[in-house]
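Computation of the quantities below employed the complete heavy-atom set of this structure, encompassing side-chain atoms and omitting hydrogens, waters and symmetry-equivalent molecules. Below, chains carry the letters A, B, ... as their sequence lines are ordered, and counting in each starts from 1. Small disclaimer: the values here were computed from a predicted structure and weren't measured.
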Amino acid sequence: DGGITQSPKYLFRKEGQNVTLSCEQNLNHDAMYWYRQDPGQGLRLIYYSQIVNDFQKGDIAEGYSVSREKKESFPLTVTSAQKNPTAFYLCASADSASPTDTQYFGPGTRLTVL
Amino acid sequence: GESVGLHLPTLSVQEGDNSIINCAYSNSASDYFIWYKQESGKGPQFIIDIRSNMDKRQGQRVTVLLNKTVKHLSLQIAATQPGDSAVYFCAESYLGFQKLVFGTGTRLLVSP
């Protein structure tokens, strides 16, 4: 069963806490992405990784951090520096970082700050 | 800067009708466009894509039209079904730009 998994589906965090969102893919894709989605808005790119041990900031990287130690895993940490972290977080992967390589999305994690 | 927008935030149709979802883009350098479907609480799902050297591309029940003159993209869904109810996003990019720029989305509501 191939695909992208994200966990947990729902996550609650107290203000001031860091939290890590999991993203795993078994599609053997080189590129992985993290997006944030707010109600009524399009997807905004947080970070992306073209290859293992490499990643670049997207449009809204402040308050977030990532790592890419394994090809299949691209965890996202939402730090206490992120001023408005409540959102729906989507992970995607693609064969490569070329925009013409279709990005396949996971089911998402809904983060709520209490 | 790049931007992708949609003309209609919500489109309501009857089952069996044809649906047309529109998208305007501002970057004349964009040469690749893609449509995604997102059901409530789920991740986006690829529908169809088109490159700028094409005006039209057809898939199963879907057709994407590209008008580069007026920088307009549309998604046509034939014989719309209740299962087509979702938010539809267009996105754009161009060769050498390693990101997709997403529009805000159009919600399609299909009544039985």
Side-chain angles (χ1 to χ4, degrees), chain A residues 3-10 21 23-25 27 29-51 54-61 87-112, chain B residues 1-10 21-27 29-54 57 59 64 66 73 86-107:
Chain A
I4 303 172
T5 58
Q6 292 185 242
S7 62
K9 187 173 178 61
Y10 298 98
L21 282 60
C23 177
E24 304 278 333
Q25 53 96 2
L27 301 168
H29 283 167
D30 283 323
M32 297 187 75
Y33 303 80
W34 273 107
Y35 293 91
R36 170 183 171 135
Q37 187 175 34
D38 294 284
Q41 297 189 32
L43 280 64
R44 291 185 290 169
L45 183 64
I46 304 173
Y47 268 98
Y48 66 103
S49 169
Q50 299 179 66
I51 201 167
D54 177 74
F55 49 84
Q56 285 82 41
K57 292 182 179 179
D59 300 317
I60 56 166
F88 190 47
Y89 290 88
L90 288 159
C91 178
S93 72
D95 277 335
S96 77
S98 168
T100 57
D101 278 344
T102 302
Q103 294 184 24
Y104 296 92
F105 285 84
T109 292
R110 188 168 298 280
L111 173 64
T112 302
Chain B
E2 306 90 356
S3 67
V4 178
L6 296 173
H7 296 305
L8 299 173
T10 303
I21 300 171
N22 296 303
C23 178
Y25 64 95
S26 60
N27 189 350
S30 292
D31 57 9
Y32 176 71
F33 306 88
I34 187 168
W35 282 99
Y36 280 95
K37 171 187 180 182
Q38 186 177 26
E39 298 178 34
S40 181
K42 298 183 179 180
Q45 177 184 6
F46 170 84
I47 301 174
I48 194 168
D49 59 1
I50 189 168
R51 295 177 188 251
S52 60
N53 61 352
M54 302 174 69
R57 191 172 187 206
V64 56
L66 175 62
L73 189 70
V87 175
Y88 290 81
F89 293 94
C90 64
E92 63 172 321
S93 190
Y94 56 87
L95 186 65
F97 188 60
Q98 294 173 326
K99 296 185 287 186
L100 286 174
V101 177
F102 287 85
T104 55
T106 291
R107 182 174 300 280

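The only member of Y104(A), Y35(A), F105(A) that meets side-chain contact (heavy atoms from CB on, under 4.5 Å) when paired with P44(B) is F105(A).
With a threshold of 4.5 angstrom between heavy atoms, Q38(B) approaches chain A through side-chain atoms but not through N, CA, C or O. In this structure, chain B has a heavy atom under 4.5 Å from the side chain of L45(A), while its backbone stays farther away. Both the backbone and the side chain of T100(A) come within contact range of chain B, with heavy atoms under 4.5 Å apart. For a residue to count as touching a neighbouring chain, one of its non-hydrogen atoms must lie under 4.5 Å from one of that chain's; by this rule Q56(A) does not touch chain B.
Closest approach of F88(A) to K42(B), counting heavy atoms only: CE2-O, 3.7 Å. Contact record, T102(A) with Y36(B): CG2-OH, 4.2 Å, taken as the closest heavy-atom pair. Scanning both residues, L90(A) and G43(B), for their nearest heavy atoms gives CD2-CA, 3.6 Å. Closest heavy-atom contact between F89(B) and Q37(A): CZ-NE2, 3.2 Å.
A heavy-atom distance below 4.5 Å is not found between the side chains of K99(B) and Y33(A).
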